[in-house]
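The sequence lines fix the lettering, A, B, ..., with proteins before strands; numbering per chain opens at 1. Quick caveat: nothing in here was measured; it's all calculated off a predicted structure.
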There are 2 protein chains.
Amino acid sequence: MEESRCENCIVRQFNALRAMTKEELKAVSDSKETRTIRKGESLFEEGDKLGGVMCVRNGVSKLSKLSANGKDQIVKLATKGQVMGQRSVVAEEATNLSAVAVSDMEVCFIPKDSINSALHKNPDFTLEVLRHMAHDLREADDVIVNMSQKTVKQRMAEAFLYLQRFGVDEDGYFNLRLSREDISNVVGTATESAIRIISEFKKKGLIIASGKRLGVKDEKKLRDLAEGF
Amino acid sequence: MEESRCENCIVRQFNALRAMTKEELKAVSDSKETRTIRKGESLFEEGDKLGGVMCVRNGVSKLSKLSANGKDQIVKLATKGQVMGQRSVVAEEATNLSAVAVSDMEVCFIPKDSINSALHKNPDFTLEVLRHMAHDLREADDVIVNMSQKTVKQRMAEAFLYLQRFGVDEDGYFNLRLSREDISNVVGTATESAIRIISEFKKKGLIIASGKRLGVKDEKKLRDLAEGF
DNA sequence: GCTAAAACATGATAAAAATCAGCTGTAGTA
DNA sequence: TACTACAGCTGATTTTTATCATGTTTTAGC
């Protein structure tokens with residue numbers, strides 16, 4: 001059907017595909033493959049050689065890395081329009097991250113050949129990919145500073161503000177429902193610590209929480225807390 | 001003189017400039033400017049709009065970011081052949097990092113115009129820059145995991161192994177002499193904690209230390225410690 | 001060489017966070 | 001329905017790390 005053609009894909013406006021020529025897009029469109037992934041299923045594992053990139057059409061995936069002590073660190077969450085695996089494809093290396101769906105997902109798998117030929121021939125596209133990666137790198141630098149200079153409580157406040165960006169329902173609860181363990185893996189702390197801080201934030205009126213449903217209540221105070229005031 | 005021409009620059013083999021055409025290199029060579037920076041002097045500040053990139057010919061610079069609590073976090077050290085500021089130039093944003101020389105330095109300043117025109121015209125060059133950035137991004141991901149999952153002691157061990165990569169003298173001491181405060185800013189800890197751990201490592205025979213001169217003594221044990229054994 | 005400032009060092013204490021243990025609720029399933 | 005497994009929760013305790021205080025050593029400038 002028509003909407004499955006990349007040329008019309010609504011998601012394209014968020015990523016580097018928009019810099020492709022008609023011919024390149026056609027090649028991508030002809031070689032791509034749409035996949036449905038259930039919550040909890042894995043898209044790829046750390047160390048895999050990826051045959052292509054994945055473009056998220058719907059749902060959210062966690063990108064994480066296993067640490068020596070056996071805990072997963074969630075490096076980022078990828079949502080609609082974001083492309084996963086491009087670092088690996090571009091650098092022609094095995095991927096350094098694992099991807100697991102945290103909600104049901106629909107993704108397009110684009111074989112690396114069509115990406116690579118565009119990378120070699122179309123500077124606009126390459127530059128667009130480069131800009132996206134420059135952006136990712138900046139965000140990674142920010143995360144490094146947060147992780148090393150902020151307390152667990154501050155990082156938890158940041159995490160709530162981050163989760164809010166994935167949308168909220170009419171009651172203000174996050175669309176994205178992460179387990180306490182996943183949240184602790186975003187923040188880089190023990191699960192018990194995450195749970196305790198969630199209780200505390202709730203008691204103080206910074207957030208709303210009922211079971212797995214979580215949300216921001218007082219954004220300003222959360223932001224102040226995250227900034228260290 | 002001949003060696004100041006980019007075409008012959010020995011440093012070129014380490015960075016993306018090698019993917020430039022003869023004409024592009026000539027343009028870079030004609031517009032570039034060599035600068036000498038003394039230890040402690042600043043190359044650029046967080047928030048600056050950079051007019052170009054800097055290529056390190058000699059010496060080492062720390063790239064850091066000020067955190068909300070007033071401490072600097074050193075994100076990486078840039079040495080011979082590495083290019084600073086490309087993220088900012090590529091993304092056309094103000095830089096997110098400050099650069100300060102930690103030893104006397106010689107750098108080439110390359111105005112962004114000659115970089116940008118090559119980025120738009122030469123896909124090989126753009127792709128090479130992209131690959132370098134992909135590499136940086138991978139390293140940043142690793143740092144995130146280390147920062148959030150490892151103890152201060154493990155991170156200190158990592159820091160010693162990292163500093164070793166900048167070369168050692170005949171006695172095994174690092175070429176690069178960082179203050180205890182700089183080391184604490186690499187590791188993301190209090191200066192006193194860094195000092196204490198250095199004393200401890202020395203006592204245990206993991207490292208050698210006399211004043212500012214530091215070095216690795218037992219690489220294997222340091223590595224085991226960093227990995228959590 | 002003298003002096004002031006900065007860097008280094010160490011002890012004592014406080015705060016932050018992890019770990020351990022056990023208990024409750026809840027979702028899936030036989 | 002009842003059982004099981006797992007997520008969530010909380011208290012007690014220990015470990016880790018930061019902070020504060022203070023003394024010593026080094027370094028840079030005169």
Any side-chain heavy-atom pair of M147(B) and Q73(B) under 4.5 Å
yes
Which residues pass the ring-ring contact (aromatic ring centres under 6.0 Å, His included) test with F44(A), not counting sequence neighbours?
none
So, are K65(A) and D142(B) salt-bridged, with charged N and O less than 4.0 Å apart?
yes
Please, which pairs that meet ring-ring contact (aromatic ring centres under 6.0 Å, His included) have at least one residue in residues 174-194 of chain B, sequence neighbours excluded?
F160(B)-F174(B)
Interatomic distance where CZ belongs to R213(A) and P belongs to dG8(D) [whole Å]:
15 Å
In whole angstroms, how far is the P atom of dA9(C) from the CD atom of E200(B)?
14 Å
In the structure I gave you, are the side-chain heavy atoms of V145(B) and K150(B) within less than 4.5 Å of one another anywhere?
no
Protein within reach of the bases, or only the backbone? For nucleotides 25-30 of chain D, mark each nucleotide 5' to 3' as B, S or -, using heavy atoms under 4.0 Å.
------
Let me know the distance between CD1 of I198(A) and P of dT10(D), rounded to the nearest Å.
11 Å
Any side-chain N or O of S199(B) below 4.0 angstrom from OP1/OP2 of dT10(C)?
yes
Under a 4.0 Å threshold between the charged nitrogen and the carboxylate oxygen, would E200(B) count as salt-bridged to K153(B)?
yes
For E33(A), what residues pass the side-chain hydrogen bond (donor to acceptor under 3.5 Å, both in side chains) criterion, not counting sequence neighbours?
R35(A)
Result for side chain to side chain contact (heavy atoms under 4.5 Å, CB included) between I115(B) and one of V53(B), V83(B), V90(B), V129(B) points to V53(B)
Can you list the residues that meet the ring-ring contact (aromatic ring centres under 6.0 Å, His included) rule with F109(B), with sequence neighbours excluded?
none
Which residue pairs pass the salt bridge (Lys or Arg N to Asp or Glu O under 4.0 Å) test with at least one member in residues 68-78 of chain A, sequence neighbours excluded?
K76(A)-D136(A)
Residues in ring-ring contact (aromatic ring centres under 6.0 Å, His included) contact with F201(A), at least two apart in sequence or another chain:
none
Five-pair end axes of the helix from dG1(C)-dC30(D) to dA30(C)-dT1(D) and the angle they enclose, rounded to 10°:
50°
What is the separation between atom CD1 on I195(A) and atom P on dG11(D), rounded to the nearest whole Å?
13 Å
Between the protein and nucleotides 26-30 of chain C, which nitrogen or oxygen pairs come in under 3.5 angstrom?
none

Check the distance between dA7(C)'s C1' and I183(B)'s CD1 and give it to me in whole angstrom.
12 Å
Beyond-backbone contact of I198(A) with M156(A), side-chain heavy atoms, under 4.5 angstrom:
yes
Whether each nucleotide of nucleotides 13-24 of chain D has a protein heavy atom under 4.0 Å at its base (B), only at its sugar-phosphate (S) or at neither (-) is summarised, 5' to 3', as ----SBBB----
K112(A) atom NZ, neighbour heavy-atom count above 12 within 6.0 Å:
no
Between the side chain of Q82(A) and the main-chain N/O of T79(A), is any donor-acceptor distance below 3.5 Å?
yes
Salt bridge check, E219(B) against R223(B): does any charged N sit closer than 4.0 Å to a carboxylate O?
yes
Residues which pass side-chain hydrogen bond (donor to acceptor under 3.5 Å, both in side chains) with D182(A), listed by chain and number, not counting sequence neighbours
K62(A)
Report the distance from atom CZ of R180(A) to atom C1' of dC9(D), rounded to the nearest whole Å.
9 Å
Protein N or O to nucleotides 4-6 of chain D N or O, pairs below 3.5 Å:
none

